[in-house]
Number of protein chains: 2
Amino acid sequence: MIAYTASKIATREFTAKAPLLPTRPQPLHFFAAGTEIYGQNELAGCIYQVEFGAIRIYRLLADGRRQISSFHLPGETFGLEVDDRHHFCAEAISNCGIRKFSLASHPEMSGELLSLALQSLGRAQDHLLVLARQAACERVGAFLLELAERQGGTNMIELPMSRMDIGDYLGLTIETVSRIFSKLKEQGIIRLPSLRCIEIMNWDALHSMNA
Amino acid sequence: MIAYTASKIATREFTAKAPLLPTRPQPLHFFAAGTEIYGQNELAGCIYQVEFGAIRIYRLLADGRRQISSFHLPGETFGLEVDDRHHFCAEAISNCGIRKFSLASHPEMSGELLSLALQSLGRAQDHLLVLARQAACERVGAFLLELAERQGGTNMIELPMSRMDIGDYLGLTIETVSRIFSKLKEQGIIRLPSLRCIEIMNWDALHSMNA
DNA sequence: CGAATAGTTGACCGATGTCAATGAAGGTGG
DNA sequence: CCACCTTCATTGACATCGGTCAACTATTCG
């Protein structure tokens, strides 16, 4: 659908991360930005690992509200479900390369599943805390810290996702997200060299937003 | 600490639920209302099953804000952690009887762990959706439906927890929780025979609050 | 270069939080 | 058994944060 240009494949996305599933090389599947990797109610049974690009996992409510439960960056895995159906959609945010592992045909992976499930659980619980008890600016702060950490602790955060994605992840509107970015910029806590890039100038300030 | 009176042990709390861990009878531990079952940062490694009573799992932020991530009713299990430490506190809401299964000394239970983890994950994800994208009255509606379902689909819901617990679970203040209960009562959707008991009069209305 | 899309900013409003007063329930001691 | 006291819940008045609507700006893509 969308031309696959080199510029889309950001350099940092090739950084290696805990390679959980190196059983044997699986073919790399490409997904253009915006395309669906799997849909709600489809049969589950595979684990996906991001090679490059970024993906979002989300649900839709009947009235169109969307809730993004997680983003996944290179090296990270997704696709594990509570039962044999997908309860979420997975979509490529940017152009992606993804490796797919069928659980049925890789029984040697079953040992990994518990640790994958626990990792997902831990992230969900952390996210829960943010959504339940943090104000908008604290949510954005937590989001930036989380992204920075998952990108290796760098000052220069790359944002593969749109403001709308961020809002749907944090339970905020795009306007609020935008306003808070502007406020943090005014306060010298971050810089915004470009729309999809944030430089953290004051880590302490970000950390002190959270308890 | 608190006298253990028969009246505290509500009758419904003995109803059997999916007995996940019937490996062999474990001694029943008693916890008085308000007492801690385990604390944050303590060593983990056990699974707990509620025999009767109710417990809350929560974290505290530095400024005192509390987030309750889950409640557990008779038959349900809790205590599984992402690593070897507890990241949450567990407290008895009412007087409780609890069975404790050490993972180390019950290797035959390891098969259950994945399904326990996935069940926790599923609940966390559902809760996430509620907190991220639902208004206060929708949250309360979802909470009532969840409790009713976990109590066997009954119309008469017993609330073992205080308004403050409910607020800390739903990311609301006690005043808001109280106001919404009052509003639902006015609209004839629920009745409040007593503080800790809610009768659902109009299921459709509750369901239609959520998407 | 122009159109479409994404992001920012401002004005305004409403939902929810805060603070305070009142009311109800349950436990304790007389 | 009653009265008091403490704790919990409800209700109201008001403030505030964040959402909504709308205009404007910037960026991207054709």
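Proteins get letters first, then strands, A, B, ... in listed order; numbering begins at 1 in each. Side chains are part of it too, since the values below use all heavy atoms of this structure and drop only hydrogens, waters and symmetry mates.
Side-chain contact annotation: B:Q67 with B:Y58, donor-acceptor N/O pair under 3.5 Å absent.
Residue contacts for B:G167: at a heavy-atom cut-off of 4.0 Å it reaches no nucleic acid atom on any strand shown.
Summarising the geometry, the separation between NZ on B:K183 and C1' on C:dT16 is reported as 12 Å, rounded to the nearest angstrom. Here D:dT11 presents its P atom at 9 Å from CG of B:L192, a figure rounded to the nearest Å. Atom CD of B:E186 and atom C1' of D:dG12 are 14 Å apart (whole Å). The nearest whole Å value for the distance from the CD1 atom in B:I180 to the C1' atom in D:dA9 is 15 Å. Across the protein-nucleic acid pair, A:D63 atom CG and D:dG19 atom P stand 15 Å apart, rounded to whole Å. In this entry the distance linking CD of A:E175 with P of D:dA23 reads 14 Å, nearest Å. If you measure from atom CD of A:Q134 to atom C1' of D:dG18, you get 16 Å, rounded to the nearest angstrom. For the pair A:L159 CG and D:dT27 P, the interatomic distance rounds to 15 Å; values are reported in whole Å.
Residue B:R163 places its side chain closer to D:dT10 than to any other of D:dT10, C:dG17, C:dT8. For A:I174, counting side-chain heavy atoms from C-beta on, the closest listed nucleotide (D:dT11, C:dT8, D:dG18) is C:dT8. Among D:dT10, C:dA11, D:dG18, the nucleotide with an atom closest to any side-chain atom of A:R179 is C:dA11. When the nucleotides C:dG17, C:dT8, D:dT11 are ranked by their closest atom to the side chain of B:S182, D:dT11 comes out on top. Each of C:dG7, D:dG18, C:dG17 was ranked by its minimum atom distance to the side chain of A:S162; first place goes to C:dG7.
Residues A:F31 and A:I55 have side chains not in contact (no heavy-atom distance under 4.5 Å, counting atoms from C-beta outward). The shortest side-chain heavy-atom distance between A:I98 and A:Q49 does not fall under the 4.5 Å cut-off.
Nearest-nucleotide positions on DNA chain C for A:R133 and A:R196 put A:R196 closer to the 5' end. Along DNA chain D, the nucleotide nearest B:S178 and the nucleotide nearest A:L172 are compared for position; the residue whose nucleotide lies closer to the 5' end is B:S178.
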Please evaluate residues A:L131 and A:R139 with respect to the criterion side chain to side chain contact (heavy atoms under 4.5 Å, CB included), reporting the C-alpha separation (whole Å), side-chain torsions for both, the decisive distance (0.1 Å), and the verdict. CA-CA 7 Å; A:L131 293 182; A:R139 296 186 199 190; 3.9 Å; yes

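Using the six-membered ring where Trp is involved, B:Y48 and B:Y38 have ring planes that are tilted, between 30° and 60° apart.
Note on B:T176: a side-chain N or O is less than 4.0 Å away from OP1 or OP2 of C:dG17. For the pair A:T173 and D:dG19, the criterion of a side-chain N or O lying under 4.0 Å from OP1 or OP2 is met.
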